[in-house]
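Only one structure is covered here, and it is reproduced in the block below.
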Amino acid sequence: MDPLSTLWETFFDWDAMRDALPEMLTVGLPNTLILAVSAALLGSVLGLLLAVAGISRSRWLRWPARVYTDVFRGLPAAATILLIGVGLAPLGMRVWGPDPYPLGILALSLIAAAYMGEIFRSGIQSVEAAQLEGARALGFSWADSMRLVIIPQGIRRVLPAWVNQLIALIKDSSLVYFLGLVASQRELFRIGQDYAATTGNESALLLAGHFYLALTVPLTHAVNWIDRRLRQGRPATAPTDEDEDDTGSALAGTTEGERR
Amino acid sequence: MTTGTTTSVSLDVRDVHLAFGPNRVLRGVDLTVPRGATACVIGPSGSGKSTLLRTINRLIEPDRGDVLLDGRSVLRDDPDALRQRVGMVFQQFNLFPHMSVLRNVTLALRRLRGLGEDEAEAVARAQLDLVGLAGKADARPAQLSGGQQQRVAIARALALRPEVMLFDEATSALDPELVKGVLGVMADLSAAGMTMVVVTHEMGFARQVADTVAFMDRGVALEAGPPEAIFERAEHPRLRRFLAQVL
């Protein structure tokens, strides 16, 4: 075979792909989704707590949040996953047995939380102080004002950045293979990698790559769509005026006037 | 347009002091508003008018002095409970942009007053009807004009049946042609017997609607009295200078 077709066969061996496909669909894809979705949920909740702690007036909340964020953003994901997945394994063994998933999900969540915390914090802090004042003036406590008024607005503003973090999480979920997975625990990357290793052909890994793209590319487009929608507002019904003293200048953004 | 019955109370501000660091924003302010009366607070920018309003519902805690509702100090009360009794309307409306107009009004009714969804909605729709915006219940604030937004903000405050209403330059951010509708709602509310403190630059409104006009300058209420006295027979030279500039 000439070198060019050898190269072609290395990546686009349809038979190799066909062999790997069933396992990718029935084992790899569900496992990747379990890892990514669980870590996304836990990471978002932890991230939100970090964000609120990060803007707290108490330094005993602000400081730990700061340190946490610096540490978990600063360490390589692989190191964190190994440190937690291997380091805490004896503890995990006693609680739920040898399954590496709980600790893998925990490690992924802790990493994601550090990034999401910063994303949420920037969103929450971008909400005008007047919103808090408006809620407090109605009689809402600080906590209720945050929960009902400030945080929902803040999160909306950073949804694109949050979705970016989900994409990172889907990709990082492949790193749990460090923790040692039995056949039924393998996620997309590991299955592709195993086929590639046994056949000496990268086609199965390329197939795994396609699965990742099938998950992440729609999300990147969702980011753009959300971003556009947040920028332009939802398709609004044109303002109509039923009273003549109040006509004409009904435009979005009138609340964004000058503040003293 | 009517604005419903109110059970308003008298309001007394006594010798209120407040400093932000070296900046003494309020330097002993007194203000007396009998039950059902409307006091307009006028004065140049930076004179402490808006800050004074915020000390009444304790969005800002005064350093010294007292605020009395019906003769009883509010400083001992839980601030959140106090603020449910004192409605406030802001220059920039401060509506919640992520909620419909209706939910803006029902939020406090449901969460703070414990009303059920249906009951809160009925109260809110009635209140929106009173400010002429029954048809806008499902709109988002950004879809409304400034004047409409401010009337929603008034409805939101009134839905909690406050005993006192505070207006912080409620029409200053509005286009001129939208001011009248909001002032009309405020005048109706005043006529219905709500105790009101209105910080405003609308001298016409102060003259027609106020029972008392107080002139603030550099953190003190320099002069207060019935509108005729303030606008026709101002004593203090600082007030006369101010009126010469704004009238």
Side-chain angles (χ1 to χ4, degrees), chain A residues 57 123-124 126-159 226 229-260, chain B residues 45-46 50 54 57-59 79-99 104 107-108 111-113 132-136 138-149 151 153 156-157 159-160 166 169 172-175 177-182 184:
Chain A
R57 271 164 293 186
I124 290 168
S126 77
V127 178
E128 298 77 13
Q131 287 288 309
L132 183 61
E133 202 173 41
R136 296 306 306 269
L138 285 170
F140 285 106
S141 65
W142 184 85
D144 277 347
S145 302
M146 292 300 284
R147 192 168 56 86
L148 298 169
V149 175
I150 307 300
I151 290 175
Q153 289 184 61
I155 288 180
R156 255 160 243 235
R157 294 181 188 194
V158 293
L159 274 184
I226 291 168
R229 177 125 164 191
L230 287 174
R231 233 182 270 282
Q232 299 169 349
R234 62 193 66 224
T237 53
T240 53
D241 293 275
E242 62 248 275
D243 38 5
E244 67 275 19
D245 66 326
D246 206 344
T247 48
S249 59
L251 284 173
T254 30
T255 50
E256 303 302 323
E258 264 175 54
R259 288 192 60 76
R260 292 187 308 147
Chain B
S45 294
S50 295
R54 282 163 174 74
N57 66 356
R58 294 173 63 190
L59 282 176
D80 295 331
L82 166 69
R83 292 187 201 117
Q84 291 186 46
R85 299 171 59 198
V86 181
M88 186 160 187
V89 173
F90 299 89
Q91 183 176 359
Q92 299 292 344
F93 334 130
N94 299 9
L95 293 178
F96 307 136
H98 60 304
M99 298 178 186
N104 262 277
L107 186 69
R111 302 285 183 158
L112 296 175
R113 288 288 153 82
L133 291 172
K136 298 292 186 189
D138 297 319
R140 290 287 174 120
Q143 294 169 260
L144 305 184
S145 71
Q148 292 172 332
Q149 290 189 55
R151 285 187 273 153
R156 181 172 76 172
L160 291 171
L166 310 175
E169 301 197 23
S172 297
L174 301 180
D175 291 341
E177 74 269 25
L178 307 182
V179 168
K180 216 177 74 189
V182 172

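Lettering follows sequence order; numbering is per chain, from 1.
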Inset, instruction - State, to 0.1 Å, how close B:Phe90 and A:Ala137 come at their nearest heavy-atom pair, and which atoms those are. - result: CZ-CB, 3.6 Å

Legend entry - Verdict with reasoning, A:Leu138 to B:Gln84, per side-chain contact (heavy atoms from CB on, under 4.5 Å): CA-CA 6 Å; A:Leu138 285 170; B:Gln84 291 186 46; over 6 Å; no

Inset, instruction - Mind checking the CD-CD spacing from B:Gln92 to A:Glu128? Nearest 0.5 Å is all I need. - result: 9.5 Å

Legend entry - Closest non-hydrogen atom pair between B:Met99 and A:Leu148, with its separation: CE-O, 3.5 Å

Legend entry - chain A contact via B:Arg58 - side chain, backbone, both or neither, heavy atoms under 4.5 Å: neither

Inset, instruction - Compare all side-chain heavy atoms of A:Ile150 with those of B:Phe96 and state whether any distance is below 4.5 angstrom. - result: no

Legend entry - Distance in Å, A:Ser141 OG paired with B:Arg83 CZ, rounded so as to fall on 0.5 Å steps: 10.0 Å

Legend entry - Between B:Leu160, B:Leu59, B:Leu82, B:Asn57, the one whose heavy-atom pairs under 4.5 Å with chain A are most numerous: B:Leu59

Inset, instruction - Please look at B:Leu166 and chain A and tell me whether the side chain, the backbone, both or neither of the residue comes under 4.5 angstrom of a heavy atom of that chain. - result: neither

Legend entry - Segment of A:Leu132 engaging chain B (4.5 angstrom heavy-atom cut-off): neither

Legend entry - Least distance between heavy atoms, A:Gln131 atom then B:Pro97 atom: OE1-CD, 3.5 Å

Inset, instruction - Might you point out which heavy atoms bring B:Asp80 and A:Arg136 nearest each other, and give the distance in Å? - result: OD1-NH2, 3.1 Å

Inset, instruction - Would you confirm whether B:Asn94, through its side chain, and A:Ala130, through its main-chain N or O, come within 3.5 Å as a donor-acceptor pair? - result: yes

Legend entry - Region of A:Arg147 in contact with chain B, defined by heavy-atom distances below 4.5 Å: side chain

Inset, instruction - Check whether any side-chain heavy atom of A:Val149 sits under 4.5 Å from a side-chain heavy atom of B:Leu107, and report yes or no. - result: yes

Inset, instruction - Would you indicate whether the side-chain heavy atoms of B:Leu112 and A:Phe140 approach each other to under 4.5 Å? - result: yes

Legend entry - Which atoms of B:Val89 approach chain A - backbone, side chain, both or neither, heavy atom under 4.5 Å: neither

